[in-house]
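Notes follow the structure.
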Amino acid sequence: MKGAIYLTAAEKKQLMATACKVRMGVIEGTHAAKAGHPGGSLSAADLFTYLYFKEMNVDPKNPKWEDRDRFVLSKGHTAPGLYAALALRGFFPESDLLTLRHIGSHLQGHPNMNETPGVDMSTGSLGQGVSAAAGMALAAKYQGKDCRVYTLLGDGEIQEGQVWEAFMLAHHYKLDNLCVIIDNNGLQIDGNIADVMSPYPIPEKLKAFGFEVAEIDGHDFEQMEAAFAKAKETKGVPFAIVMKTTKGKGVSYMENQAGWHGKAPNDEEYEKAMTELKAQLAEVEAM
């Protein structure tokens, strides 16, 4: 999608630097846990960064603030990316990321709204998060609140039938306060989504279900800014953003590799990933 550039150079630089730190948090957490899902967390790291540092109206000091915007991570297995963004935003200490999946930690393999500050919905069973998000948006409409609801789905996740039922509901109830984001990195646990059960063409299907749709590069903050601005301007129908992304983005040996869907880096892989990400951060900070 091409649109006006809303971001200042300083804002863009800050977002790029923060996204590098989110990716580092993903690697730190999954390495410490010796488990987790780095691939899809890394592909969505820019989106997590944009939502929590630019787009959403939230208060880390008051995570349950009633009038906050809501975010539902429908692809709940990419919790390491969400946790890294929440920690950097100040919802809990960054050191907590090293407790990922440990017994007694509030950072488990999938988000838990009862344990983790900043998590608005417990998710993990694919296809269900978007239904919860649609329900939140509908409730906000009934209550006359002007908060917005955002939900992130994986492109493999939209093979689930429940997703399309939720999309039908969103259009039927004119949920223009709902923004659905699809992380189209092209890979799921079993391989290429087109080979497993192709959801293509995604934008055309969303339009057929009554959505306004933007297609963007999910690693381009200017395109992201334009798409979210358009989402806010759209009235009477729900809005969807289809992000083309790279699974494992930012870590060379993880990029476009389905095998990194749900596998943690070992010590050597951890060092390589962190070296690459630190170099990227230094490059951004030197801009």
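Positions are given from 1, in the same order as the sequence printed here. Heavy-atom basis, side chains included; hydrogens, waters and symmetry copies ignored.
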inquiry  = Using modelled atom types and a 3.5 Å cut-off, is there a donor and acceptor pairing between side-chain atoms of Lys54 and backbone atoms of Leu15?
reply    = no

message = Quick one: does any side-chain atom of Ser122 pair with a main-chain N or O of Met113 as donor and acceptor, under 3.5 Å?
response = yes

query = Do Ser105 side-chain atoms and Arg101 backbone N/O form a donor-acceptor pair below 3.5 Å?
reply = no

task = Indicate yes or no for a side-chain donor-acceptor contact from Thr151 to the backbone of Val72 under 3.5 Å, with no hydrogens or angles considered.
result = yes

query = Side chains of Asp69 and Asn57: do they bring a donor and an acceptor to under 3.5 Å?
reply = no

query = Do the side chain of Glu160 and the main chain of Glu157 share a donor and acceptor less than 3.5 angstrom apart?
reply = no

query = Take atom OH in Tyr173; do more than 12 heavy atoms of anything else shown fall under 6.0 Å from it?
reply = no

ask   = In this structure, are over 12 heavy atoms from other groups packed under 6.0 Å from Lys278 atom NZ?
value = no

request  = Determine yes or no for a side-chain-to-main-chain donor-acceptor pair under 3.5 angstrom, with Tyr150 supplying the side chain and Leu51 the backbone.
outcome  = no

key: NZ/NE/NH1/NH2 to OD/OE distance under 4.0 Å, Lys232 and Glu55   = yes

inquiry  = Please verify the inter-ring angle class for His261 with His77; under 30° counts as parallel, over 60° as perpendicular, anything in between as tilted.
reply    = tilted

inquiry  = Under a 4.0 Å threshold between the charged nitrogen and the carboxylate oxygen, would Lys249 count as salt-bridged to Asp46?
reply    = no

query = What's the verdict on side-chain contact (heavy atoms from CB on, under 4.5 Å) for Val251 and Trp260, showing C-alpha distance, side-chain angles and the deciding distance?
reply = CA-CA 11 Å; Val251 178; Trp260 284 102; over 6 Å; no

key: Neighbour count above 12 (heavy atom, 6.0 Å) for Glu268 CD   = no

inquiry  = Between Lys13 (side chain only) and Met287 (backbone N and O only), is there a donor and an acceptor less than 3.5 Å apart?
reply    = yes

request  = Measure from the side-chain N and O atoms of Gln257 to the backbone N and O of Met254, and report whether any donor-acceptor pair falls under 3.5 Å.
outcome  = no

Closest heavy-atom pair and its distance - Ala85, Phe53 = O-CE1, 3.9 Å

ask   = Would a distance-only check, ignoring hydrogens and angles, find a side-chain to backbone donor-acceptor pair under 3.5 Å from Tyr83 to Gln108?
value = yes

Salt bridge present between Asp67 and Lys145 (N-O < 4.0 angstrom) = yes

message = I need the single residue from Asp59, Asp120, Asp146 that forms a salt bridge (Lys or Arg N to Asp or Glu O under 4.0 Å) with Arg68. Which is it?
response = Asp120

Other residues, nucleotides, ligands: >12 heavy atoms within 6.0 Å of Gln143 CD = yes

inquiry  = Does the plane of the ring in His37 sit parallel, tilted or perpendicular to the ring in His110? Use 30° and 60° as the thresholds.
reply    = tilted

inquiry  = Can you tell me if Lys141 has over 12 outside heavy atoms packed within less than 6.0 Å of its NZ?
reply    = yes

inquiry  = If the threshold is 4.0 Å, N to carboxylate O, is there a salt bridge linking Lys247 and Asp183?
reply    = no

query = Are more than 12 heavy atoms from other residues, nucleotides or ligands located less than 6.0 Å from atom NZ of Lys12?
reply = no

query = Is the backbone of Ser252 close enough, under 3.5 Å, to the side chain of Glu276 for a donor and an acceptor to pair up by distance?
reply = yes

